[in-house]
Amino acid sequence: MRNKLLALSVGFSLIAFTGCQDGSATDTTNTEEAKEKDIFEGKPLSMEYEDEIDSLISLMTLEEKSGMLHGTSMFATSGVPRLGIPELTMADGPLGVREEISRDSWAPAGWENDHATFLPAGGGLSATWNPELAYTFGNVIGAETRDRNKHVLLAPAFNIIRTPLGGRTYEYFSEDPFLNKQIAVPYIVGIQENDVAASIKHYAVNNQETNRGTVDVLLDERTLREIYLPAFEAAVEQGHAYSVMGAYNRLRGDYLNENEYMLQEVLRDEWGFKGFVVSDWAAIHSTVKALKAGADVEMGTNAPFEEYYFAQPLIEAVKSGELSEDEVNESVRRVLRVMYNIKAIDSTGRAEGSRNTEQHLKDVYNIASESVVLLRNEKDLLPINAQEINSIAVLGNNATRTYAQGGFGAGVKTKTEVTPLEALQNKLPESVTINYAKGYEENYVPAEDGNQNYGRQTIDELDEAMVQEAVEAAKKSDIAVVFAGSNRDYESEAADRRDLQLPFGQEEFIDRIKAANPNTVVVMIAGAPFDLRKVEKDASTLVWSWFNGSEGGNALVDVLLGKINPSGKLPWTMPMALEDSPAHATNSFPGGESVTYEEGILVGYRWFDTKNIDPMYPFGYGLSYTDFDFSNARVNKTEAFTDDETIQVSVDVTNIGELDGKEVVQLYVSKTDSNVERAAQELKGFEKAMIAAGETETVTIEVPVKELAYYNIENKKWTVEPGIYTLKLGNSSRNILQEVKIEIE
Ligand code: BGC
């Protein structure tokens, strides 16, 4: 939707600050190029190799073809060395390139040289509301994938956050399809510029971990199209992702990897996808049905690889005539097409890649520094003026916790991950005494007591001696900072959380610290919403950070110390209570054999706004150390818009505070007199702008009229209804500051 980057959003630093420990500036990988290019338009797969591919296929045996279509080790399929075709190698993202896994088991291969930069988890990236940083993210992880000599990166992951309990909420981007695609597309473009393929996941409606391997998702077509598919569609049509990962779950009866509707009709016929579909690990359940439906590559979780559906059974199915060899050839062709395009066959001119560089650390620092969300700052405790305090209490398990590894699924073997305590020790002047106390233990009910080792049950009783030590530290300090929240053992793939309660007795702990020192800052480090009602009570100062990569601690501490003015915005709604959020209010989570998405299109803030339910913190919310005023909203014209036009909405944004800062101008659209059901409002544009203290900048958001369409189930077309639309400009979904109306013909 946004084409060339608007000058305003490009590459500004906020206030002079030093991020990385070497105190360097804030350039990002390829920022200069990003200014010149369209980060929303990837390079389509070239068809120039089709003849070569045909001749290669004509020389291959059926066994060789089958070898290319299924895992013959944990993260690779076979090549055909005699024809110059290498193995197709894959690596997990999205937190960074996963360490090398053994060829025939999940055990780490034990390499010494498979370290990678730990990048912020999805929630942190999307909280930047900065597509340019998503492009940078892609470029970093793409270069590292290339440097690890992998062909395919299994990322980005961007299923819609339907329930706050979702185990992978921390990994995904948003509850909103528009924000989702604005982050996903430049991310993919960034990856693939490094001559590696992005495998976008998990296609599709893999919105829960509970029963993920079997659950049949039932939802109406409009909801599928308007909420769950837009980012996938944009990833294919604009980002030109070269690979798609078929999810574990079913949709309307068929497993995603056997779902002809999703793989053939939607993905290939409608969206024009020309790459290959790889299954999630062990998400294929048949040979003939899956291949005919459009799955190309079967990956799995364990040997023996020759028993995979696309191994010996595929060879037999061709021999018995259940599959034609042409059908097999088609899948091989798709794989080879991608391999040629990423220069895996003829490597002339292939990008070189790089890994664990200083520049990558700067990049992840920049991403993290724009992701931190300031939720409350009523007493102006923040930013902490290090010159004016003598002591600080640093409390909580997350002061020293790391997030590169943990839980079930992919992590990163990182060389560095700076914790908040380390960052404070490095950045505070010697005159400030740090009184550190952990305060509570991260305790889980042991696995042998029937507790699974992920989606865990916690022990929430506090250890009084530990609390006392923390209380004493808080009492004798000028200011106390509690680093609370969760971690990647608690939030994990393969299990949804049980509830939204803060684990390990943290509610009570925070209460005790607040009582000991009224100048208490609560910092939540987590990837998903928590019930903050108790923590909020009497908390004047609340900050939200994420599983935020190698430089997470540095970025967070620079926000606390005012070297960075916070500009992150929540990418999802923080509900007061679980039962307020749509999947739970409609009693349609997690289902059993099947789950019906009863809330339909009213996912996330669409539900809260339409049903007039107050959230704890709304979608798009986040404060700054300065304040912004919006005025003079206007459009390039107000009426007679046609489908192929673009609406240009401008607003003057004044920084009325004393610090430079970035604001995210958000544009929501309402149509009150619609003939179809509509959410109260929908995000249709945003722009992050740097505005110097006291200055006014005009921020322009471009909205293609097509973006206002709804999916018409009758004619199966995106349809723009004529009539009046209200365009609302604000700095959160619940703080609309300006409105303009336009009419569409
Ligand atoms: C996850 C995928 C991942 C794959 C390989 C699966 O459990 O769902 O996201 O890419 O494992 O590790």
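In each ligand, atom 1 is the first atom listed, and ligand 1 is the first ligand listed.
With salt bridges taken as basic N to acidic carboxylate O contacts below 4.0 Å, one links R252 and E221. Salt-bridge formation is not detected for the pair D280/K201: no Lys NZ or Arg NE/NH1/NH2 atom is positioned less than 4.0 Å from an Asp or Glu carboxylate oxygen.
Using a distance-only test at 3.5 Å, with no hydrogens or angles considered, no donor-acceptor pair links the side chain of R98 to the main chain of A91.
Using cut-offs of 30° and 60° on the angle between ring planes, the pair F232 and F158 is tilted.
Paired with E144 under the rule side chain to side chain donor-acceptor pair (under 3.5 Å), one option of H115, K150, H360 passes, and it is H360.
Closer than 4.0 angstrom to ligand 1 lie heavy atoms from F75, D92, R98, W106, L154, R168, K201, H202, R212, M245, Y248, D280, W281, E493.
Remark: aromatic rings of Y597 and Y228 are close, center separation under 6.0 Å.
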